[in-house]
Amino acid sequence: MIVNIQDMKQILLILFFFSYEISLFAQQKKDSTANILSDSLTIHQLDEVIVIGNPSTNYLKENKALGSLDSYLERSKSINMIRRGAYAWEPMLNGMSTERSILTIDGMKIFHACTDKMDPITSYVENTNLSLAKIKEGQSGSEYGGTIAGSIDLIRRKTGFKQEKKLTGSAFAGFESNNKQQIYGATLNYSSPQFFTDIDFTYRNAKNYQSGYKSNQSNTILYSQFTKYNISAITGFKINDKQVIEASLIYDKATDVGYPALPMDVSLARALITSLQYTYKNPLKNISLWETKIYYNTITHVMDDSHRPIVPIRMDMPGWSKTHGFYSTLAGNYTIHSFKATLSGYLNNSLAEMTMHPNNPNEKDMFMLTWPDINTLYTGLNVEDNISLNEHLQLLIQGGVGIHNNKIESELGLNSLRLFYPDLTPQKTRILKNISTQLSYHHNNFLYQLGIGYGDRAPSISEGYGFYLLNVNDNFDYIGNPNLNNEQSINVTFSSTYNINKFTAIAKINYFYMIDYIIGKPKNGIPPMNITANGIKIYEQLNSASIINTSVQFKYKPFDYWTFITDMSYRYGQGAENTILPLIQPFNYRLEAKFEKKSFFIDASLNGSSKNRNSIEFGETQKSPYAIANLALSKKFNINNQHLIVKTGVENLFNTYYITFDDWFGIPSMGRNIYVNLIYKF
Amino acid sequence: MKYLKYSLLFLCITASIISCKKSNDTIPNNINEVENLLLLKTFSDNGFKVELFNKSGQLKVGYNQIYIRLTDQNGNYVQEASLNWMPMMTMNMGGMIHEHSCPFSEIKKTQAKQTLFEGYITFIMASNGADNFWNLKINFTVNGQTFEVTDTVNVISTDSEFNKAYTSIMGNDGTNYMLALIEPTEPKIGTNDIVVGLFKMGDNNDFPIVNNYKIKIDPRMPGMGNHTAPGNVDMTQGDDGLYHGKVGFSMSGYWKINMILENNVGTAVKGETITELNPESSVNFKLEF
């Protein structure tokens with residue numbers, strides 16, 4: 001199955017009330033019918049959880065276990081992936097791109113280093129590093145900072161402490177025919193009552209991919225190759241029964257990554273992600289957990305166009321992002337309350353520069369800062385309380401406040417932006433706040449959830465301080481605007497789940513009404529910097545914008561071994577001033593049939609899309625409707641305590657040529673792809 | 001013994017008083033006000049020494065800010081004097097000798113300096129061998145006595161593919177105008193002050209400052225698709241007679257500063273608007289940083 005929904009959280013209760021928190025905050029949840037059935041007396045708060053295949057979990061049900069993290073995230077009905085090639089897709093949550101959501105790894109803030117969004121932080125991890133992706137929608141994702149769309153927290157994989165000393169491991173290999181992708185890796189896990197450690201390594205190498213068949217058109221997508229190395233280690237040590245120390249490290253390096261949808265490629269994208277965590281269980285009566293983490297991560301991203309034969313001018317655009325941070329979370333229970341409070345903070349430095357090499361070799365190189373060596377300092381406190389009012393009714397309230405400060409460190413960067421904003425001061429401080437509430441009602445076979453939230457966010461570095469950043473979709477150079485107000489959002493979610501023995505239906509709608517919606521608008525009279533660009537857009541604010549997300553899912557198990565699933569989703573985005581919001585998913589559907597018996601698994605699916613409501617203002621063209629057929633087979637062999645899992649399948653069975661609404665610059669999606677995954681576990 | 005002690009003490013005190021007094025007398029000789037400046041040329045006459053300094057140690061075509069220090073017969077720097085100068089180009093064109101001057105300022109005492117005088121000369125062409133040379137004549141009056149020194153000075157051309165700090169143009173009003181870029185001497189990314197000297201060929205072989213004109217600017221990067229940056233303010237005449245405005249550079253590299261010269265009634269006398277078909281104005285400076 002595509003999205004595994006799990007019971008994620010127990011009920012939480014409030015520790016502190018802020019005088020300025022008027023109401024509180026909602027945790028929108030996906031609904032787990034399984035959960036309702038198994039535990040009909042307690043309604044658990046549920047985030048959407050995507051289980052990420054890795055050798056420690058059961059691979060059998062994953063169609064393509066060794067697929068990228070991106071392919072896992074894409075399975076969520078809340079997520080769309082912007083594709084600029086075969087690598088480093090950008091996850092959009094609820095129809096909104098990454099500046100409107102919070103992306104974390106185990107609660108750690110990491111900021112991408114590329115001004116062109118070629119390296120969302122999801123590109124710096126591997127499946128083997130992770131066990132889950134927790135998705136929270138709207139203001140419920142505000143635990144680590146202000147958000148509009150919600151949050152995606154990638155949870156590290158770890159074996160944990162075990163009663164018996166045990167060494168396990170796996171080795172895996174994969175091949176994908178379409179882009180000749182080779183995947184190799186291994187994991188090693190040791191656990192004991194006092195100590196555990198997990199180490200993993202993954203290597204991927206892919207050539208250019210092929211689109212589906214279209215007459216009179218080459219189907220090779222040039223500059224879509226990539227190579228990626230990833231190594232991670234996590235280790236835990238038990239001080240005593242209550243206290244644990246954990247250290248984690250992820251080192252990820254991608255080289256020779258092509259971006260067919262962009263005029264530039266990446267010769268190096270490298271991340272080092274480290275953390276140290278201290279956990280204290282049951283430190284006090286009513287306090288079940290106190291967890292504190294400090295972390296540091298550094299990203300180097302080297303973008304250039306050296307592989308492109310014809311360019312107006314040669315450019316190098318390296319970028320760097322460094323983040324120091326911490327969080328400390330306290331969770332506990334008191335009577336009908338389950339509460340949690342998180343204090344978190346980070347200091348990020350983002351710097352990006354551009355060097356252009358003139359065609360006249362005697363002319364000096366041109367240089368500018370595209371991100372002005374800017375520090376972002378954030379400190380925030382978020383609290384939530386989950387109150388079980390009675391056996392049917394549960395109330396979640398949540399709220400938080402944070403202080404967000406930007407400071408331009410570079411005199412050069414400051415002077416650059418003063419071309420546009422002569423009175424610009426280096427520093428800007430904002431107060432971010434969020435508040436939400438959610439009511440869950442469970443009765444018989446029904447679960448209803450209603451959530452309302454309000455929150456705001458600070459502009460991203462590019463929105464606030466970017467300098468001549470080319471967007472190839474609309475072909476405008478974008479200039480940041482440091483004087484933007486916080487973007488605010490009011491959001492309402494309603495979901496309804498119905499479950500009887502063999503049948504489940506889930507319907508969900510959420511509505512975001514955004515005030516001071518940040519978006520680029522053309523500025524006449526100022527020519528662009530990039531030679532091919534049409535003009536300049538400056539980030540401005542629409543009075544309002546609305547996004548509606550809807551989805552329904554039906555799941556039916558008529559006989560043993562068989563499952564049929566249908567799901568559909570649709571989004572709509574419209575802003576003031578007749579602005580059609582870009583990158584909004586049209587009607588999308590998936591039909592799936594599964595057969596699962598013991599160690600054998602087969603899955604056939606059809607997914608497709610209607611034509612999109614394209615935003616001409618942002619360079620979007622209308623994409624034709626499409627439907628793609630996929631087939632997957634898995635078989636597991638057990639020999640003593642060793643297992644061999646063989647998976648094979650075909651994606652885009654009929655080699656259909658198609659372009660999705662979120663294929664950047666209209667680059668066609670992948671054609672027929674036959675894959676084989678071999679996983680050996682001991 | 002005691003007497004000797006007192007004598008020594010007395011001597012010491014006297015010596016220190018004398019030395020103090022002496023140093024008071026010779027302050028100009030002991031203070032160096034030409035730090036960060038380089039010597040251009042030394043003229044001598046009747047025991048007077050005239051030293052010319054500027055920041056680069058070179059005279060070049062275009063605007064040259066020049067500092068002058070006078071030393072008297074006793075080797076003391078002169079604090080009070082009146083000076084004037086006359087640069088003159090001699091051109092030998094196949095036996096025909098032609099002489100002309102160039103725009104230059106009066107010489108005045110440098111503010112907050114005791115031993116320096118200053119002025120500017122806008123050389124309009126470079127020295128070129130024995131047949132084309134610049135003479136600089138300096139008259140100075142100290143304590144009622146007037147002296148004159150004359151010598152050649154070497155003026156180099158700094159025009160290159162990516163540098164041009166001086167331009168002369170024939171306006172459509174029939175007047176020959178000269179523009180010299182004074183600032184920015186150290187261009188930076190961002191908004192820079194721009195200062196230009198605007199002169200014309202006068203009726204009496206002089207080169208007066210042109211008053212109450214306007215110089216419109218449009219900086220462009222020819223190597224970057226003729227990109228331009230915001231932050232520009234057209235130049236208007238300041239109290240110092242020079243033209244002041246702002247120029248924006250979005251990045252380092254080679255910039256061409258295109259200009260349109262408008263007279264005191266707002267009519268363009270030279271220079272063209274930049275369009276896609278017309279990438280540059282006939283009035284321009286070039287710089288690279």
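In what follows, every chain begins at residue 1, and chains take the letters A, B, ... in the order their sequences are listed.
- Distance CE/A:Met366 to CE/B:Met221: 5.0 Å, rounded to 0.5 Å.
- For B:Lys216, the NZ atom counts as loosely surrounded, since its 6.0 Å shell holds 12 or fewer non-hydrogen atoms of other residues, nucleotides or ligands.
- Taking all atoms of both residues into account, the shortest heavy-atom contact from B:Ser250 to A:Phe467 is O-CE2, 3.4 Å.
- In this structure, A:Asn362 places its CG atom where more than 12 heavy-atom neighbours from other residues, nucleotides or ligands lie under 6.0 Å away.
- The two residues A:Ile313 and B:Gly223 come nearest to each other via the heavy atoms CD1-O, 3.2 Å.
- Across all their heavy atoms, B:Glu288 and A:Lys364 have their closest contact at OE2-N, 2.9 Å.
- Heavy-atom distances place both the backbone and the side chain of A:Pro527 under 4.5 Å from chain B.
- Environment of CD1 in A:Ile616: sparse, with no more than 12 heavy atoms of neighbouring residues, nucleotides or ligands closer than 6.0 Å.
- Looking at A:Glu363, its side chain never comes within 3.5 Å of a backbone N or O of B:Gly253 through a donor-acceptor pair.
- Here the shortest heavy-atom pairing between B:Phe162 and A:Asn360 reads CZ-ND2, 3.3 Å.
- Counting only heavy atoms from C-beta outward, the side chains of B:Ile189 and A:Asn415 never approach each other to under 4.5 Å.
- B:His227 places no side-chain N or O within donor-acceptor distance of the main-chain N or O of A:Ile531, the cut-off being under 3.5 Å.
- Heavy atoms of other residues, nucleotides or ligands lying less than 6.0 angstrom from NZ of B:Lys200 number 12 at most.
- Heavy-atom pairs under 4.5 Å with chain A peak, among B:Pro222, B:Pro230, B:Ala229, at B:Pro230.
- Looking at A:Met356, only its side chain comes within 4.5 Å of chain B, counting heavy atoms on both sides.
- Summarising the geometry, atom OG1 belonging to A:Thr370 is positioned 11.0 Å from atom CE belonging to B:Met251; distances are rounded to the nearest 0.5 Å.
- The environment of NZ in B:Lys108 is sparse: at most 12 heavy-atom neighbours from other residues, nucleotides or ligands sit within 6.0 Å.
- At most 12 non-hydrogen atoms from other residues, nucleotides or ligands lie less than 6.0 angstrom from CZ of A:Phe665.
- The heavy-atom pair separating B:Phe249 from A:Leu419 by the smallest distance is O-CD1, 3.5 Å.
- A 6.0 Å sphere centred on CG of B:Asn36 holds no more than 12 heavy atoms belonging to other residues, nucleotides or ligands.
- Under a 3.5 Å cut-off, the side chain of B:Ser252 and the backbone N or O of A:Phe367 do form a donor-acceptor pair.
- Summarising the geometry of B:Thr228 relative to A:Tyr468, their closest heavy-atom pair is O-OH, 4.0 Å, with the distance given to 0.1 Å.
- For A:Lys521, the NZ atom counts as densely surrounded, since its 6.0 Å shell holds more than 12 non-hydrogen atoms of other residues, nucleotides or ligands.
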